[in-house]
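To start, the structure under review is shown below, and the notes come after it.
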Amino acid sequence: MTESNARSSSALESILAHAVILLAVGFALYPILWVVSLALSGTSDPSPQVLPLPQEPTLSNLREVAWTSQTVDGAEVWLFGHQLLNSVVVSLATAMVGIAIATPAAYALARFEFVGKSAGLRTLLATQMFPAVASAIPLYILLDALGLLNSRTGLILCYATTTVPFCIFQLRGAFETIPVDLEEAAMVDGATRFGAFVRVVLPAARPAIAVTGLFAFMHAYNEFILAATLLSREDMFTLPVVLQRFIGEYNAQWELFAAGSLIVSIPVMALFYVVQRHLVAGLTAGGVKG
Amino acid sequence: MVAVSVNNLHKQFGRTQVLKGVDLHVPDGAFAVLVGPSGCGKSTLLRLLSGLETATSGEIRFGDRPVTSLAPRDRDIAMVFQSYALYPHLTVYENLAFGLRLRKEPRSIIDQRVCEVAEMLGLTPLLKRRPKALSGGQRQRVAMGRAIVRRPQVFLFDEPLSNLDAALRAQVRVEIRRRHEAMRTTSVYVTHDQVEAMTLADVMFVLNAGCVEQSGTPAEVYRHPATRFVAGFLGSPSMNFLAAHLEKRSNDTWEVVVDTQNSPPIRIVLEDYPTANLRDGLAIELGVRPHDMTLAPDPEIADLRLTAGLCELLGPEIQVHTQVAEQPFTLCLEAELNTRRGELLAVDIDHLHLFDAATGASLR
Ligand SMILES: Nc1ncnc2c1ncn2[C@@H]1O[C@H](COP(=O)(O)OP(=O)(O)OP(=O)(O)O)[C@@H](O)[C@H]1O
Ligand SMILES: [Mg+2]
C-alpha cells in the first residue's frame, strides 16, 4: 500500500467513526429533543412531524408548571417551589444518610473478618432483591403508626432502607480495591487505624463515594411509587408525583408534562456538573506499584 | 539508635505455623538482611517487627524496650514497602511530610527536613507531583525518603528493589549501603535476592520454613554454610551435591567415596578437613561450588574426570554443564580456557563441603 493510500484510508476511517458516533448521539438525544420541543410548543396537540421543532413556540407551559400556588393558613405560598424543595431535601438527605451509614459499614466488611460477616452480606443482598412496591403497604402502616406520613423524614427513612444496602455494596467494592499497604504505611508513619482511615482511605475512595452518593440521590429523586403511596398532601409531594398529575387517566397534558420534566432535570444536571470534578478516574493509580 | 533482638518468636495464622521459634539479634547500627526462599516467613517476621502483625508468642525488644505488644506508631520505626505504598492523593512533598505532620512537628522543621531529604535523593524538582506522575525509580526514592525524614530508630525494608529493573536495582543497592554507612541506623532488610543479601548485610539471617537456619556475616555464611539448605541457597550457580559416604583409610586420612553406576567409584582424599564429626561409613552429601574447582596440573591424580557438556560463555568465565556419577554438575572455568562441548576435563576440587545425609548438618 502506498503512503497516500494509507492516509486516505485513515481519513475514511475517521469519517466513518465520527458518523457512527453522531448516529449514536442523535439516537440518544432524539427523544430528549422531542421533550424540549414539546415543552416549548403552544399547542397541546402537536401535529406529527419528523424534526423536533416547537410549534407556536411559547414559554407559557413552563410558567404554568412552575408558577403554581396554594393558600395555606390564609397565606399564598409558592407550591411548586415547596415541591422542588421537598425533592431536593429528601434526595440529598437520603444520599447523605446512605453514605454516612454505608461508609464505615463497607469499610468493616472490606477489611475485617468477623463472626456473621457472610451471613450479614447475604441478608443485605436479599433486601436488594425485593422491588419497592413489595414493601409499600408495610411501610405505609409503619409510618402511619409513627405519625410520619406526609413528612420528609418518613420518606427519607423509607428511601434509606434500600439506599444503605446499595451504598454498602458499592463502597465495599471500592474499599477492596484500595491496597491495604496504604493504611499500613500510614500506621507505621504514626496514624491510628481510624486516622489511617480518615487521612488515607477516605481520600483515596473519594471518587467512589461521590459516584455512590450521586446514585443514591438519583434513586430518591426519581422514585415514584413509594412517594405516591406515602404522600397525600399536595404541598408534601415530590416532583415525580407532581409530574404524574399532568397525565391523568382522561386528559393527558403532554406539553405540561414535558415542561415539568425539563424543570425537574435542572437540579440533576447541576449536581452532575458539581460532582464530575470528584470523578477524576484513577486517583489511586500510581500510589502502589506491583 | 538501638539494637533489635527477637526471642523465640512464634507466629501462627489459624492452623498454619509460619514462624517456629525465631531468635535473632541485630546489633545497634547494623544492617541485617533476612534471606530465604519464597514463603519462608521473611515478610511475616518483618511485619511482626513493625507491629502490623502481632506475635503468637515470643518477645521483641528494641534496645532494652520491649515492644512486642506496641502499636506500629509507638515503635519509632519506618518501613519501605515492596509496593512503595505512596499516598495517591498527596503530592511528593506531602507524602514526605505525612509522618512529621502526624507527629505535630512545627512547620518550619517539617519544611527543612523534607527539603533536606528531597535534596539528598534528588526529588526536589518532583515535590509538587502526585505519585502517579512518577516513574518506578522515582516512586522508590519517595518511599525511601518518606522513611528517612522520620529519623526513626529502626528502618524496615521489605524487598524494596524488586520492582526496579536490573541496572537501577544495582545502583539503588549501592546507594542504600552508602546511606547506611553515613547514617548508621539499625536496619532490617528482607530480600530473596542473594546478591542484595551478600552486598548489603553486616549480618545475614538465612530463613527456611519459619526458622533461622544460620546467621553471621555474609562471608562466614557463604564460606561455611551450616546446613545443606544454606549451602544450596547461597551462591550462583548453586552448589553441586553428590551422594557419597565416608571411608577411613588410616589414622588421619579420610576418603569421600562417590558411588557411580557403571564405573569404579570416585574417591577423593580429604585434606584440611576437621575430623571431629567424621564417622566411618557415614552417608553424606558432598557439596562443591562451581567456582571451587580448577583444571588439574596432573590429570593422572585429578579428583574428577569429566566430559564437558553444554558450555556457556559469560564474559569472564565459562559455565560448563556436565554430569558426575549420573548427577547434573556445573563448573565455572576461566574464559581463556575456551572449553568446548565433548572436551575431556580433569579437575581438582579446591574446597569442599560435607553434610550429614540424614540431618543436612555440616560435618565441619
Ligand atoms: N494473613 C495470613 N494468613 C494466612 N497465612 C499467611 C498470612 N500471611 C502470610 N501467610 C503465610 O505465611 C507464610 C509466609 O509468608 P511470608 O509472606 O512471610 O513469606 P515471605 O518469606 O515473605 O515470601 P516472599 O519471598 O514470597 O515474599 C506463607 O506460607 C503464607 O501463605
Ligand atoms: Mg514477602
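Lettering follows sequence order; numbering is per chain, from 1. Atom set for the values below is all heavy atoms of this structure, side chains included, hydrogens, waters and symmetry mates excluded.
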Problem set entry | Intermediate values then yes/no, side chain to side chain contact (heavy atoms under 4.5 Å, CB included), B:Tyr87 and A:Arg199 | CA-CA 9 Å; B:Tyr87 310 122; A:Arg199 285 161 190 277; over 6 Å; no

Problem set entry | Which atoms of B:Arg47 approach chain A - backbone, side chain, both or neither, heavy atom under 4.5 Å | side chain

For this session: Look at A:Asp189, A:Thr192, A:Val200 and state which one has the largest set of heavy-atom pairs under 4.5 Å with chain B.
Result: A:Asp189

Exercise. Near B:Asp165 CG, under 6.0 Å, is it more than 12 heavy atoms from other residues, nucleotides or ligands?
Worked result: yes

Exercise. Crowded around A:Phe112 CZ? As in, over 12 foreign heavy atoms under 6.0 Å?
Worked result: yes

Exercise. Among residues 90-97 of chain B, which ones touch chain A with a heavy-atom distance under 4.5 Å?
Worked result: none

Exercise. Is B:His25 atom NE2 crowded by more than 12 heavy atoms from other residues, nucleotides or ligands, each under 6.0 Å away?
Worked result: yes

For this session: For B:Pro72 and A:Met187, work out which heavy atoms get closest and say how close.
Result: CB-O, 3.8 Å

For this session: For A:Phe194, look at atom CZ and say whether over 12 heavy atoms of other residues, nucleotides or ligands are found less than 6.0 Å away.
Result: no

For this session: Please name all residues satisfying ring pair (Phe, Tyr, Trp, His ring centres under 6.0 Å) with A:Phe175, sequence neighbours left out, ordered by chain then number.
Result: A:Tyr107

Problem set entry | A:Phe114 CZ: over 12 foreign heavy atoms closer than 6.0 Å | yes

Exercise. What closest approach, in Å, do A:Leu182 and B:Leu86 show between heavy atoms, and which atom pair accounts for it?
Worked result: CD2-O, 3.1 Å

For this session: Under 4.5 Å heavy-atom distance to chain A, tell me which part of B:Leu52 shows up: side chain, backbone, both or neither.
Result: side chain

Seminar exercise, completed: In short, A:Val188 meets B:Arg103 closest at the heavy-atom pair O-NH2, 3.9 Å

Seminar exercise, completed: Ordered numerically, the heavy-atom neighbours of chain A under 4.5 Å found in residues 104-129 of chain B are none

For this session: Determine which residues belonging to residues 140-153 of chain B lie within contact range of chain A, meaning some heavy atom pair is under 4.5 Å apart, and list them by number or answer 'none'.
Result: B:Arg146, B:Arg150

Exercise. Of the backbone (N, CA, C, O) and the side chain (C-beta and beyond), which part of B:Ala71 lies under 4.5 Å from a heavy atom of chain A, both, or neither?
Worked result: neither

Problem set entry | Atom CZ of A:Phe215: over 12 foreign heavy atoms under 6.0 Å | no

